[in-house]
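Working notes, beginning with the structure itself.
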Amino acid sequence: MIVVVLPQHLRTLAQVGREVHLHIPDPVTQAAVVTELENRYPMLRGTIRDHVTFKRRAFIRFFACGQDLSHESPDAELPAQVLTGAEPFMIVGAMAGG
Amino acid sequence: MTGVRVLVGTRKGAFILTSDERRQSWAVSGPHFGGWEIYHLKGSPVDPNRIYASQSNGWFGQLIQRSDDGGKTWAPVDNKFVYDGMPGTHQWYDGSQHPWEFKRVWHLEPSLTDPDTVYAGVEDAALFRTTDGGKSWHELPGLRAAKGHLWQPGAGGMCLHTIVQDETDPQRLYVAISAAGAFRTDDGGTTWKPINKGLNSGELPDKASEVGHCVHNLAMHRSRPGVLFMQKHWDVMRSDDAGEQWHEVSGNLPSDFGFPIAVHAHEPETVYVVPIKSDSEHFPPEGKLRVYRSRTGGNEWEALTTGLPQKDCYVDILRDAMAVDTLPSCGIYFGTTGGQVYHSADSGDTWSTIVRDLPAVVSVEVQTLA
């Protein structure tokens, strides 16, 4: 089971709580997590990654295990602790600065 | 009961203001979509409980929301705006060609006859349409064939911000695009032509260029579909032949820079603008917030000041932030970047504040409810 933590605005949009639990077949990658999220909650399509290019939106970050995975390949397998559900995969709105 | 519903889009959410026909006591609902930029929301003329809203922010992009109960509840509909075919390119700041890239929806214009049909004006400038209540959006690509490769973004972005429908001719539409100009279709959106003759924009090397004019807003009275009024970057303009030729009607305005323009609901020659000092000083001249009204279709303007701040006022009024209701005594409404929404229930003679501390107001629309 993969535990995904969504930012507040996307929780409101999808009408879910802080965490979403997903069952994803191997290999579990960033792309697979977002695809499953979008399949289960179609209203999230386009809010995390582009509809057409599937590129992560510029001010979305992916964190897990104390690391910023945003610049990893979308097709790279996620850390083992995420695969076991011990650590969440966090989708985060980037700091606004200012 | 007859009344009005004012739909207010702000930098941090939507607000809905309602009143009976006396327009003296107001109920305020919101923020809806708190924290999101609501560039525009507008109701269907044929089903006033059907309202569409453009919701966006820099993190999560564009959403479109739809309400079927007058704004009490909302549900997201399709937010996929993909340019038709190969997107092509437009002129970029450095003179090179740059691919069209979708950024946001600036304006939603529900059809005059079908609640499921809505036009969406977007940045980078293009026109989209849904015919299934927002379940899918499709571009009308003929617009960008009207010399789109020569359009280039201005400081505010290359946005299609104004959509005007001709009630007497469903095949005719007008749109306006910042730093590109005004355009018209006579075949339901398949083909388009620039309608910018006479605009004479001093900001361009060729004042009479076919495209490149910075049109800020268009307005039309439903009974005179061939008569258009325009607030341009500078200059207030008028056309009496569906945009084939324009002439200036700025007359005695203290500044002819501004953003919105509106026409009285029952007097097709009565027009409203809000002069702004200049293109870099986006506030009222002399710190006095004045709506100007012409009862002669332009050229002769009178300042409307009763109830509006006449000193130390330095807010802006954006292009989509003024609207009129259709009650017998026509109501005029506008919102400011300072978060005030003002209204007049007597065609502009006197003004009062409905709310005064909202986030910066981006758009104001009014529904007159039977």
Side-chain angles (χ1 to χ4, degrees), chain A residues 4-20 22 30-64 68-72 74 88-98, chain B residues 10-14 30-38 52-67 73-88 99-105 120 122-124 126 128 130 132-139 359-360:
Chain A
V4 179
V5 173
L6 291 172
Q8 179 240 322
H9 283 303
L10 297 190
R11 292 176 218 159
T12 303
L13 183 62
Q15 299 183 317
V16 297
R18 181 172 181 270
E19 291 183 359
V20 172
L22 302 177
Q30 289 180 18
V33 169
V34 177
T35 297
E36 180 58 21
L37 264 179
E38 291 174 341
N39 287 339
R40 192 185 291 191
Y41 306 104
M43 67 286 282
L44 296 182
R45 288 178 183 153
T47 64
I48 299 168
R49 62 183 183 180
D50 185 85
H51 278 291
V52 177
T53 66
F54 298 124
K55 284 185 180 173
R56 174 179 52 82
R57 290 187 55 79
F59 297 120
I60 294 288
R61 299 286 181 268
F62 299 139
F63 296 165
D68 183 352
L69 306 180
S70 308
H71 303 296
E72 300 294 317
F89 179 75
M90 303 177 71
I91 298 176
V92 179
M95 279 185 287
Chain B
T10 80
R11 292 286 181 207
K12 290 294 177 185
H32 303 270
F33 324 117
W36 292 74
E37 291 187 309
I38 307 298
Y52 296 91
S54 170
Q55 173 188 3
S56 66
N57 71 24
W59 290 275
F60 309 114
Q62 180 70 51
L63 295 167
I64 301 291
Q65 296 276 353
R66 168 179 150 178
S67 174
T73 62
W74 298 85
V77 291
D78 188 38
N79 63 346
K80 189 175 181 180
F81 291 86
V82 178
Y83 296 100
D84 185 72
M86 291 293 288
W100 247 271
E101 295 170 336
F102 173 82
K103 295 183 177 65
R104 62 177 60 81
V105 173
V122 313
E123 177 186 359
D124 288 340
F128 285 76
T130 178
D132 54 16
K135 292 175 186 163
S136 62
W137 296 89
H138 304 281
E139 191 196 1

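Proteins get letters first, then strands, A, B, ... in listed order; numbering begins at 1 in each.
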Any side-chain heavy-atom pair of A:M43 and B:L63 under 4.5 Å: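 A side-chain contact is absent here, since even the closest heavy-atom pair is not under 4.5 Å.
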
Residue pair A:R57 / B:N57: nearest heavy atoms and the distance that separates them: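 Minimum heavy-atom contact is NH2-O, 4.1 Å.
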
Within 6.0 angstrom of [X] [atom1], more than 12 heavy atoms from elsewhere:
{"X": "B:K80", "atom1": "NZ", "value": "no"}
{"X": "A:F59", "atom1": "CZ", "value": "no"}
{"X": "A:R40", "atom1": "CZ", "value": "yes"}

Flag, side chain of B:W59 to backbone of A:A94, donor-acceptor distance under 3.5 Å: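 Judged by distance alone, yes, a pair lies under 3.5 Å.
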
Residue selection (most heavy-atom pairs with chain B, distance under 4.5 Å) from A:L13, A:D50, A:T12: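 It is A:L13.
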
Which portion of B:Q55 sits near chain A, non-hydrogen atoms under 4.5 angstrom: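 No part of it gets close to chain A.
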
side-chain contact (heavy atoms from CB on, under 4.5 Å) between B:F60 and A:H9, intermediate numbers included: CA-CA 9 Å; B:F60 309 114; A:H9 283 303; 3.7 Å; yes

Toward chain B, the part of A:P7 with a non-hydrogen atom under 4.5 Å: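 Side chain only.
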
